Amino acid sequence: FTTFPGLPKWRKTHLTYRIVNYTLDLPREAVDSAFEKALKAWEEVTPLTFSKIYEGEADIMIFFAVREHGDFIPFDGSGNVLAHAYPPGPGLYGDVHFDDDELWREDKSGTNLFLVAAHEFGHSLGLYHSADPTALMYPVYNPHTDLTRFRLAQDDVNGIQSLYGPPPTSSPDGPAVPTESVPPEPGTPATCDPALSFDAVSSLRGEILFFKDRYFWRRSRWSLEPEFHLISTFWPSLPSGLDAAYEVNNKDTVFVFKGNHFWAIRGTEVQAGYPKDIHTLGFPPALGKIDAAVSDKEKKKTYFFVEDKYWRFDENSQSMEQGFPRKIADDFPGVGPKVDAVFQEFGFFYFFRGPLQFEFDPNAKMVTHVLKSNNWLYC
Amino acid sequence: YPLNGAVREKDPSMDLLQQYLENYYDLAKDVKQFVRRRDSGPVVKKIREMQKFLGLEVTGKLDPDTLAMIRKPRCGVPDVGQ
């Protein structure tokens with residue numbers, strides 16, 4: 001494998017991509033899934049995660065174009081050059097252009113979009129070409145590649161991991177996608193680790209979800225044993241290492257936050273049009289992320305916690321309320337200074353900070369219990 | 001006797017090769033082909049570099065395998081250089 005001169009690479013692990021336009025050769029869903037599958041191939045062997053945005057500037061902007069298309073490297077009609085891409089960086093860098101004079105196909109009856117996309121995304125992540133003819137990053141398109149059992153070659157894996165390292169918990173045969181609870185592997189968070197902290201916690205249709213890294217525990221009223229899953233098992237397009245999550249009951253929707261993006265999920269379905277930018281909720285432009293959030297189903301108010309302050313959002317008017325942010329310590333004494341996660345159950349707010357959990361009575365405005373974070377997991 | 005010798009037929013595959021080496025192997029655009037010279041002129045050197053990178057027999061010549069390779073669909077990103 002080779003990397004670009006100067007070794008350009010992304011300085012963050014969560015990247016966004018945007019499909020700016022579509023080829024007419026394929027249904028849009030086929031194009032969407034080809035790109036999703038191509039990114040997943042790289043996601044599975046690195047700490048990188050990808051999420052799709054629908055407007056604005058993404059790290060990886062994807063275009064279909066013919067001949068001269070604005071980057072001084074015109075395409076050449078059908079055949080020869082199929083596509084090109086730029087190494088990591090701002091603006092044009094990281095972007096991928098596909099020659100729409102090719103016949104893009106899901107199979108091999110034309111040029112396979114998934115295969116070319118997976119190669120080009122390798123460039124967007126910082127890989128140059130490989131001299132290994134079995135590698136995805138070999139420059140010449142191989143129409144005989146077995147698409148049914150596609151796997152990155154070891155050379156590809158060595159190359160991308162030389163830039164970003166292995167996934168946070170790399171199992172020898174690559175991450176499986178289990179249908180039942182994931183047995184704990186070395187490096188995965190231990191359910192009853194007394195030091196366990198959570199990234200985000202939310203109710204969902206009567207269950208409680210505890211998110212951590214790439215995983216989540218699922219605690220339902222009907223089983224005494226919490227289930228442990230990869231986030232990607234249920235929501236492949238969601239990133240790992242979430243910041244916050246909350247359920248709005250009367251919408252049967254859970255909102256999930258990471259960085260300056262948020263997603264709406266209903267059951268296992270990520271809603272179309274997401275992720276959106278958190279500033280569309282009314283946060284000040286300087287705000288980069290939130291720490292925790294909870295929606296009070298009685299009062300129809302949603303609380304967003306950021307550092308030592310919080311905002312309140314009115315679910316009826318769908319707007320951030322005036323007079324915020326306020327200090328967490330002023331209205332939620334005893335839970336701060338800052339919080340990792342929070343959810344509502346039995347009328348109480350349960351705040352999580354590191355390995356501690358604070359049961360807070362919003363009416364009495366006081367902490368009524370201090371517990372271990374993972375006591376909901378029957379530890 | 002004109003120094004520049006007989007005007008040779010333009011060879012399309014030589015142009016194809018020249019274009020390929022310029023696009024993907026950082027061959028300077030103004031370097032003309034010196035097929036008659038025995039030693040490894042810049043173009044012959046680039047042919048060797050390409051054949052090595054792409055896993056072909058390194059002959060330094062535009063042999064049929066090399067010609068077939070440069071006609072195959074590929075990625076537009078160069079194989080060497082900026």
Side-chain angles (χ1 to χ4, degrees), chain A residues 1-6 8 65 67 69 71-87 95-99 101-104 108 110-112 115-124 126-144 155, chain B residues 9-33 35 39-82:
Chain A
F1 69 88
T2 53
T3 50
F4 282 92
R67 302 293 179 182
H69 52 280
D71 64 1
F72 303 110
I73 308 179
F75 283 132
D76 53 7
S78 172
N80 292 325
V81 176
L82 303 175
H84 57 223
Y86 293 85
D95 293 0
V96 180
H97 302 164
F98 293 90
D99 184 348
D101 276 331
E102 311 305 331
L103 176 61
W104 295 107
K108 298 181 184 179
T111 303
N112 182 266
L115 208 46
V116 175
H119 174 102
E120 297 306 331
F121 289 142
H123 291 315
S124 303
L127 284 184
Y128 213 18
H129 282 142
S130 166
D132 177 344
T134 67
L136 175 68
M137 294 313 290
Y138 185 71
V140 179
Y141 176 71
N142 177 1
H144 310 301
D155 181 75
Chain B
E9 281 296 306
K10 267 191 97 43
D11 177 350
S13 50
M14 288 311 296
D15 286 348
L16 192 63
L17 170 71
Q18 177 93 13
Q19 180 91 42
Y20 201 89
L21 296 177
E22 288 172 1
N23 287 347
Y24 306 117
Y25 286 83
D26 219 14
L27 174 68
K29 298 262 186 221
D30 56 351
V31 173
K32 282 296 161 233
Q33 173 68 0
V35 281
D39 67 352
S40 60
V43 174
V44 172
K45 197 180 294 182
K46 285 296 181 185
I47 294 176
R48 289 180 193 283
E49 185 178 359
M50 173 196 47
Q51 289 171 329
K52 181 169 185 292
F53 191 94
L54 295 177
L56 298 165
E57 187 192 352
V58 180
T59 63
K61 292 184 175 60
L62 182 54
D63 52 56
D65 283 355
T66 303
L67 190 53
M69 178 63 86
I70 64 180
R71 288 202 162 108
K72 285 184 178 175
R74 58 160 289 154
C75 171
V77 172
D79 295 341
V80 296
Q82 291 293 344

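All values reported here derive from a predicted model rather than from experimental measurement. Throughout, protein chains are lettered first and strands after them, A, B, ... in sequence-line order, and every chain is numbered starting at 1.
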Between [X] and chain B, with a heavy-atom cut-off of 4.5 Å, which part of the residue counts as in contact: side chain, backbone, both or neither?
| X | result |
| --- | --- |
| A:E120 | side chain |
| A:F75 | neither |
| A:S130 | backbone |

Return the minimal non-hydrogen interatomic distance between B:C75 and A:H123, and the atom names on each side.
SG-NE2, 3.4 Å
For B:M69 and A:V140, which heavy atoms make the closest approach, and how far apart are they?
SD-CG2, 3.7 Å
Are the side chains of B:V77 and A:Y86 in touch, meaning some heavy atoms are under 4.5 Å apart?
no
Taking the side chain as C-beta and beyond, is there a heavy-atom pair between A:H129 and B:F53 under 4.5 Å?
yes
Interface residue of largest heavy-atom contact number with chain B, from A:V81, A:N142, A:D132, under 4.5 Å:
A:V81
Against chain B, work out which of A:P87, A:P139, A:G6, A:G79 has the most heavy-atom pairs shorter than 4.5 Å and name it.
A:P139
Find the one option among B:L54, B:N23, B:I70 whose heavy-atom pairs under 4.5 Å with chain A are most numerous.
B:L54
With a cut-off of 6.0 Å (strictly less than), are more than 12 heavy atoms of other residues, nucleotides or ligands near NZ of A:K108?
yes
Rounded to the nearest 0.5 Å, how far apart are CZ of B:R71 and CG of A:N80?
9.5 Å
